[in-house]
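FYI, side chains are in, hydrogens and waters are out, and symmetry mates aren't considered; it's all heavy atoms of this structure. Quantities reported herein were computed from a predicted structural model and do not represent experimental measurements.
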Amino acid sequence: MMNLERLKRLIDLASDPQVAELEVKQGDFHLKITPDQTARTRPSNSTSGATVDLYHDPDDAHLPLRVHAESETVIQSPLYGLFHASAAPDQPAFVELASKVSKGDTLGMVESMKMLHPVTAPHDGTITQILIGDEADVVANQPLFALSPA
């Protein structure tokens, strides 16, 4: 059974103009949300040369809405699942804000269908933003980190 908070987060994610459809199957629970695309309009972005993080959780004060600089790479979730910031609950996070990383370093893991999928650095650089909390639900292509080049 899915709890109410998780269901609200999924509905909020489905409200995003970049999400065309959201489908969740968990045991005997099945939810499919297909918003009316004709009723949606893309939010305007008045910041030239930047993108706005559309996956901001207003209830999570330590993950504020951020604008990504044009030079930053936004690293996205490879699929829908549960984000893990560390290899195990009793271990430190793979990366922290301002961590220096090399191409291929593990930044986090997305658990989907009982399998762990690594989120890796596409190039050398510095983590400038962490846009997701540990144990948070994520959707495919959701921004997780911002990485400035080395």
Write down the atom of Asp134, the atom of Ala85, and the distance for their closest heavy-atom approach. OD1-N, 2.8 Å
In Å, rounded to the nearest 0.5 Å, how long is the span from CD1 of Ile132 to CZ of Phe145? 9.0 Å
If we only count heavy atoms from C-beta on, is the Val138 to Leu82 side-chain gap below 4.5 Å? no
If the condition is side chain to side chain donor-acceptor pair (under 3.5 Å), which residues does Thr126 pass it with, not counting sequence neighbours? Lys100
Pro78 versus Val110, closest heavy-atom pair with distance: CD-CG2, 4.0 Å
Which atom pair, heavy atoms only, marks the closest approach of Gly104 to Thr120? O-CG2, 3.7 Å
For Leu97 and Thr128, the nearest pair of non-hydrogen atoms, with its separation, is CD1-O, 3.1 Å
Can you name the nearest heavy-atom pair linking Ser112 to Tyr80, along with the distance? OG-O, 3.1 Å
Within 6.0 Å of CD in Glu96, more than 12 heavy atoms from elsewhere: no
Would you mind telling me which of Met115, Gln142, His117 makes a side chain to side chain contact (heavy atoms under 4.5 Å, CB included) with Leu79? His117
Interatomic spacing from CD1 in Ile75 to CG in Leu144 - rounded to 0.5 Å: 8.0 Å
For residues Pro92 and Ser86, report the shortest heavy-atom separation together with the two atoms involved. O-CB, 3.1 Å
Should Leu147 and Ile127 count as side-chain neighbours, where that means a heavy-atom distance under 4.5 Å? yes
What pairs with Lys103 under side chain to side chain donor-acceptor pair (under 3.5 Å), at least two apart in sequence or on another chain? none
To the nearest 0.5 Å, what is the distance between CG (Leu131) and OG (Ser77)? 12.0 Å
